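Shown next, in structure tokens, is the structure this report addresses.
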Amino acid sequence: MSDEGDDAGLEDREAVMAQLESLKSEHRDLDDVIARIADTVPFDQLQLQRLKKRKLILKDEITKLEDKLIPDIIA
């Protein structure tokens, strides 16, 4: 019996967790940037829309990665 499958699974999980932390960090950074841009008058509406769209894309990616980390439970 070999633990190689377990090691690969652990490495995959760690890689997903690292990617998840990176995306969450970028998501938080975008919050700060969006707040700063919204506070300036006049602000660039197009840039603000692009940043918000990127933030939504990040949120979707974060959700997908979090779903990967949660084991499927058959009720």
Side-chain angles (χ1 to χ4, degrees):
M1 193 170 211
S2 173
D3 287 333
E4 287 179 23
D6 291 341
D7 289 344
L10 183 60
E11 288 174 11
D12 288 345
R13 184 174 175 82
E14 289 174 357
V16 169
M17 289 175 69
Q19 185 179 8
L20 185 59
E21 281 308 310
S22 174
L23 292 175
K24 284 182 176 182
S25 176
E26 185 179 349
H27 191 266
R28 283 189 301 270
D29 291 347
L30 279 174
D31 271 338
D32 294 339
V33 172
I34 288 169
R36 272 187 266 130
I37 289 174
D39 286 344
T40 61
V41 177
F43 60 88
D44 185 345
Q45 186 65 35
L46 183 59
Q47 183 184 20
L48 196 61
Q49 286 174 337
R50 287 179 179 155
L51 291 170
K52 287 181 177 183
K53 184 175 182 178
R54 174 67 183 148
K55 189 176 165 194
L56 286 173
I57 290 168
L58 284 172
K59 183 65 177 169
D60 288 343
E61 290 178 24
I62 289 168
T63 301
K64 286 178 189 176
L65 289 176
E66 287 175 338
D67 288 346
K68 273 187 174 182
L69 292 175
I70 299 171
D72 290 335
I73 299 174
I74 300 173

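Keep in mind it's a predicted model, so treat the numbers as computed, not measured.
Ion pairing between a basic and an acidic side chain is recognised when a charged N comes within 4.0 Å of a carboxylate O; E26 and K55 show no such pairing. For the pair E66 and K59, the salt-bridge criterion is not met [side-chain N within less than 4.0 Å of a carboxylate O].
Under the 4.5 Å side-chain heavy-atom criterion for grouping Ile, Leu, Val, Met, Phe, Trp and Tyr, L30 is not connected to L56 through any hydrophobic cluster. Under the 4.5 Å side-chain contact rule for hydrophobic residues, L65 and L69 share a cluster.
Summarising the geometry, atom CD belonging to E14 is positioned 13.5 Å from atom CG belonging to L20; distances are rounded to the nearest 0.5 Å. For the atom pair K68 NZ and M17 CE, the distance stands at 14.0 Å (nearest 0.5 Å). For the atom pair D39 CG and I34 CD1, the distance stands at 12.0 Å (nearest 0.5 Å). One finds the CG atom of D31 at 10.5 Å from the CG atom of L58 (value rounded to the nearest 0.5 Å). To the nearest 0.5 Å, the span separating OG1 on T63 from CG on L23 amounts to 10.5 Å.
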Using side chain to side chain contact (heavy atoms under 4.5 Å, CB included), reason through R36 and V33 one step at a time and then give a plain yes or no. CA-CA 5 Å; R36 272 187 266 130; V33 172; 4.0 Å; yes

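Each of K53, Q45, Q47 was evaluated against Q49; a single residue qualifies, Q45, per the side-chain contact (heavy atoms from CB on, under 4.5 Å) test.
Counting only heavy atoms from C-beta outward, the side chains of E61 and I57 approach each other to under 4.5 Å.
Of all the heavy atoms in I37 and F43, the pair that sits closest is O-CB, 3.0 Å.
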